[in-house]
Amino acid sequence: MDQNKKTYYITTPIYYPSAKLHIGHTYCTSVADTIARFKRLAGYDVRFLTGSDEHGQKIQRAAEAEGITPLEYTTHIVDGFKALWEKLHISNDDFIRTTDERHEKVVQELFTKAYEKGDIYKAEYEGWYCTPDETFWTEQKLGPNHTCPDCGRPVERVKEESYFFKLGKYTDQWLAFIEENPDFIQPESRRNEMIQFVKQGLEDLAVSRTSFDWGIKVPFDPKHVVYVWFDALVNYISALEPFAGDSELYKHYWPADLHLVGKEIVRFHTIIWPIMLMSLDLPLPKKVFGHGWMIVDGTKMSKSLGNVIDPNPLIDTYGADSLRYYLLSEIQLGNDGNFTLPNFVTKINADLSNDLGNLLNRTIAMIQKYHDGIITKTADIDGLDQEISALAEKTVADFEVQMEAMEINKALKTVWAFIGRMNKYIDETMPWALAKSSDEADVTRLQSVMYHLAESLRIIAVLVSPVIPVGAPKIWEQLGLTGFGDANLDTIRTWGGIPTGTTVVKGEPIYPRFEVPEMVEVVEVKEEAEAVDTSAIPPLKEHIAYDDFEKLDLRVAKVLTCEKVPKSKKLLKFTLDIGLEERTVVSGISQYYEPEQMIGKKVIYLANLAPKKLMGIESYGMILSASDWNEQLEVTNIDSLPPGSIVK
Ligand code: MSP
């Protein structure tokens, strides 16, 4: 803790230890790590938290299936998380487990406080529960055929006594807060979605369960365990130990500056969490940013689909920097991103090995060859040099602005444009020709060229360090510089930091070139098929007569246009070419497909379903989709769905 610096407290979600982590999780944590590292460079006193979310029925069932205790089950997996983060050079300052005593105590304190305030009350509850998502739903909010409106999986009917949290009571306070803090939810599209959601009305939230016991006990009624989201969200505060000693950490770092989360859990972080804090009279975090998903072949990467890409072999083969660089440079924060092995290798070869690696190799080799490895500080000797030193300073300034705006991919483009400029500078100045001349002017020119190259690399190394923390210090080592750990934006804002006499040290190429593989299979790890829980598969329906089937007019249709229905969370509006005419159809698949993905696709279409008005749009017929009981829905490709998935 540094009392003189501005604090910056950043968190990732705490991950469920129900599945092996894949590059979707790696993405989330790499983004957070890059921001944390950048903020340290920018002079903040940073605290960066990640962790694991270990309670809930799903974990209890998984542990039972393996015949071990839930804690044994989660500990093993959480050890794997920690090893992965280390391998990826994640610089978290703390790792919180919801099974930590420090966490359980705080959850119990806060639950009791809200209860004593009258914001938590006990009642009989009968409702629908999505076990995989650990979420209750009311009848009105359910999807078709009693499915979870978030993930599409069937919900279970539960009836039990439960404690309820008065979410509804805070609706107006929440809306006022969002109005006054326009930057709280980002990106903007997520903010609008959340406002719509709240305006539809908030129901009180069931915050305890009695049907299983793997959770934090309600202190004054121990047959209840605290609902996992009430438990999990508290991690952001419990990690700061607000009730320990003089609660120094808490006072210093809370409220958090940024909760970085995936788009599907923005709702929990921007509605439930702030309202919990309002009820507890605690300050609200400053920002929640919902990032997009890593997508494979157009669908979200997830274990149940067997399309997860394991980051471990990627890091083993290509290095942590390569994976981090690819994820951060390819994806605009907030958007979904794709991963394919050939694209990945092509990108790291071009940017890391060629552009950055070669600039370093050429620079070090030339300084050794022409000046016995010794750098001499030389002023700009012409317009070209002035352009370079000015561009270096501008690059630092632009990079800082873009990173502060969380435009990480743009900030990287800025740095790579400078790297490109420096490679061109070598070609323009032709040091090999200068080296052949003994003319005084050429000797000085050569010295200045070498200085401009080395000094640029000094600056570049610091700028790239939040993204490629393994290679960045090696650049300094090869330049003969020390103290990389103390470098920050202030030490590179001004041109001319390398002193005369600095001696370069040739090292291994920091980023080797790789063969571009043709096959993706090398790293696409198909997880072992999960034991199918057939109780999750909806039962078969009664026989129908062929005549009844014949009444359905099923057609192949081509999507001509597709757009989001304004103010709707789920609906997309389509124009279909059905051969004989064009049809307008509204379909509730907006959580699964971006409109652009659908245009040009062929779908199966039920043409003679009676028209129906949805959000003011007359919808003719229905686009068929298939969905499983996990988290997937498919319209155009059913290969990834398990047998028993339902078409409707
Ligand atoms: N345990 C909750 C979070 C509680 S925070 C108080 C949870 N865990 S999770 O393991 O399912 O997901 C953790 C994070 O990983 C989420 O932000 C989620 O969006 C992210 N991702 C999971 N799959 C992903 C992709 N395919 N792509 C990008 N991020 C993804 O939710």
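Just follow the structure's listing: the first ligand is 1, and inside any ligand the first atom is 1.
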Taken in chain and number order and not counting sequence neighbours, the residues that satisfy ring-ring contact (aromatic ring centres under 6.0 Å, His included) with Tyr326 are Phe339, Phe344
By number and element, which atoms of ligand 1 are closer than 4.0 Å to a non-hydrogen atom of Gly292? 28 (C)
Going by the angle between their ring planes, with limits at 30° and 60°, are Phe230 and Phe111 parallel, tilted or perpendicular? perpendicular
Could an N or O of ligand 1 be found under 3.5 Å from any N or O of Ile14, whether backbone or side chain? yes
Give the C-alpha distance, both sets of side-chain angles, the deciding distance and a yes or no for side chain to side chain contact (heavy atoms under 4.5 Å, CB included) between Gln332 and His291. CA-CA 9 Å; Gln332 186 184 331; His291 66 73; over 6 Å; no
Counting only heavy atoms not in Lys410 (residues, nucleotides, ligands), do more than 12 fall under 6.0 Å from its NZ? no
Which atom pairs, donor and acceptor, lie under 3.5 Å between side-chain atoms of residues 270-282 and protein residues at least two apart or in another chain?
unit_1: Thr270; atom_1: OG1; unit_2: Val266; atom_2: O; d: 2.8
unit_1: Trp273; atom_1: NE1; unit_2: His259; atom_2: NE2; d: 3.1
unit_1: Ser279; atom_1: OG; unit_2: Asp119; atom_2: OD2; d: 2.7

Please determine if Tyr27 has a nitrogen or oxygen closer than 3.5 Å to a nitrogen or oxygen of ligand 1. no
For atom CD of Gln200, is the number of surrounding heavy atoms from other residues, nucleotides or ligands below 6.0 Å larger than 12? yes
Side chain or backbone, does Ala232 bring an N or O within less than 3.5 Å of an N or O on ligand 1? no
What's the verdict on side chain to side chain contact (heavy atoms under 4.5 Å, CB included) for Thr147 and Val155, showing C-alpha distance, side-chain angles and the deciding distance? CA-CA 5 Å; Thr147 47; Val155 287; 6.0 Å; no
At a 4.0 Å threshold, what atoms of ligand 1 neighbour a non-hydrogen atom of Trp229? 2 (C), 3 (C), 4 (C), 5 (S), 6 (C)
Does the pair Tyr15 and Trp85 meet the rule for a ring pair (Phe, Tyr, Trp, His ring centres under 6.0 Å), with working shown? CA-CA 12 Å; Tyr15 297 93; Trp85 299 147; 5.8 Å; yes
Winner among His22, Glu54, Glu264 once heavy atoms are compared against atom 19 (O) of ligand 1: Glu264
N or O contact, Asp53 vs ligand 1, cut-off under 3.5 Å: yes
Output yes when the distance from some N or O of ligand 1 to some N or O of Met294 is under 3.5 Å, and no in every other case. yes
The option among Pro17, Ser52, Gly24 carrying the non-hydrogen atom nearest to atom 28 (C) of ligand 1 is Gly24
Contact atoms of ligand 1, heavy-atom distance to His291 under 4.0 Å: 28 (C), 29 (N)
Identify, by atom number and element, the atoms of ligand 1 in contact range of His269, meaning under 4.0 Å from any of its heavy atoms. 5 (S), 6 (C)
Please state whether Phe268 comes within less than 4.0 angstrom of ligand 1, counting heavy atoms only. no
